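Notes to accompany the following structure.
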Number of protein chains: 2
Amino acid sequence: MWHLYHFPLCPFSRKVQLSLGEKKIGYELVTLYPWDAGDDFRRLNPAGRVPVLHDEEKRVTLIDSQAICEYLEETVADRALIIGSARARAEVRRLVALYDETFFADITGPLLHEKVKKRLVLRQSPDSRTLRETTRLLHEHLDYLDWLVDNRRWLAGAQLSLADFAAAAQLSVVDYLDGIDWTGHQSAHGWYRVIKSRPSFAPLLRQKMDGIPPPKHYSDVNA
Amino acid sequence: MWHLYHFPLCPFSRKVQLSLGEKKIGYELVTLYPWDAGDDFRRLNPAGRVPVLHDEEKRVTLIDSQAICEYLEETVADRALIIGSARARAEVRRLVALYDETFFADITGPLLHEKVKKRLVLRQSPDSRTLRETTRLLHEHLDYLDWLVDNRRWLAGAQLSLADFAAAAQLSVVDYLDGIDWTGHQSAHGWYRVIKSRPSFAPLLRQKMDGIPPPKHYSDVNA
């Protein structure tokens, strides 16, 4: 049985959950906050980070969200998410990296620091300049998302792929923290509603973080 | 003909060059500093970052070092670098991510900021506290590298893989900036000398960054 070490607002664990859900692979969640990673967990992952996908009986430990998704892709044929020709697959991986790295560095990472870590661990107020800067950068990212949605059926091309789930995983965390104003981004919003209503997304909409309640619209698939 | 957009001390472009070199794929370099990325380049890569591998005739544009390496892996059978079973491949990708993300965030990124961007662009002195912290973190990373080398033939297991080249790419930039003290890390040092003496590494040892000369030992394959 797979155990996925995660915490409720980790966008990378969410990407893995979406991949597991799309492929209909069963798993149990183990919650581990980054500030609680002790020696036991470090024996599993020396880098001390989630997500880790672990099967104790089979003695398989998979670390790093992209390494996990590539493994699931190679071992479970059902519902391929890194698809098409080598060029098409490179486009999927380019967009996954854009959301995992650039979007996370610009938006999700700073928001998690300001609105979660400062509240729960550091007991500080969020910095309003940083929040304004993430809002500005989010509009740039949503402009690009609009462009992708206006020019392609799905983000990476004609088929639903891991690129859509990597982007939606990041956005779902920003949305939980009430950080998205969709005004002027109808295309991106329409796409996000479609992804949000998929069965694989339902577990994400139920997961709550203690001390940080989501806004009402967060789990409404029509909002 | 492939053109690789890079700058001489970009560790991710170096990883791609090592992959191209190992697979004996011809290419020409186009130098592009991150602070010079203009609109022309942003038309190629909206994220404005190197490496980008581009073939104008074939109209192929590959973006993100890992997407590029996976593409080369899928299209050029010679000298496989992401190898073995799905589990073995997951271990290669875990280590690639460890060096691309964690090592870069801990060490290569801060060193490039302090020793290159501050000197060439911001005209500031490096911050000695940051430099001390990178030195401390580098020793931790070298301890882990020693452990890998002591327990496995190559970093990810029995075979030379992209993990070795991802690690060596980062270390080569740190070494260019005279940031490595190998004292107490004989295993890691021995492994690095072996990688450094491979023909695929020779172009890296010749590339110089204007205004930032490397230390003498940098291009000496026996040092």
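Naming: A, B, ... by sequence-line order, numbering from 1 per chain. The model shown is predicted, which means the values in this text are computed figures rather than measured ones. Atoms considered below: every heavy atom in the structure, side chains included; atoms not considered: hydrogens, waters and symmetry mates.
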Study note, to complete from the structure: Applying a strict 4.5 Å limit to non-hydrogen atoms, the region of Leu62(B) in contact with chain A is side chain

Practice item. Report, as yes or no, whether the 6.0 Å neighbourhood of atom CD on Glu56(B) holds more than 12 heavy atoms from other residues, nucleotides or ligands. Key: no

**Study point:** Selection from Ala47(A), Ala67(A), Ser85(A) maximising heavy-atom pairs under 4.5 Å formed with chain B
**Key:** Ala67(A)

Point to revise | Atom NZ of Lys117(B) with >12 non-hydrogen neighbours under 6.0 angstrom | key: no

**Study point:** Taking every non-hydrogen atom, the tightest pair across Tyr71(A) and Ala86(B)
**Key:** CD1-O, 3.5 Å

Point to revise | Part of Ile63(A) within contact of chain B (heavy atom distance under 4.5 Å) | key: both

Review point. Nearest 0.5 Å, what's the CZ-SG distance between Arg93(B) and Cys69(A)?
Key: 11.0 Å

Check your understanding: What part of Glu73(B) lies closer than 4.5 angstrom to a heavy atom of chain A: side chain, backbone, both or neither?
Key -> neither

Check your understanding: Do Glu101(A) and Gln66(B) have side chains that get closer than 4.5 Å, going by heavy atoms?
Key -> no

**Study point:** Arg87(A) with Glu70(B): basic N within carboxylate O range, under 4.0 Å
**Key:** no

Review point. Is the CD atom of Gln186(A) crowded by more than 12 outside heavy atoms at less than 6.0 Å?
Key: no

Practice item. Answer whether the closest heavy-atom distance between the side chains of Pro46(B) and Arg94(A) falls below 4.5 Å. Key: yes

Check your understanding: Does Lys118(A) NZ have over 12 foreign heavy atoms under 6.0 Å away?
Key -> yes

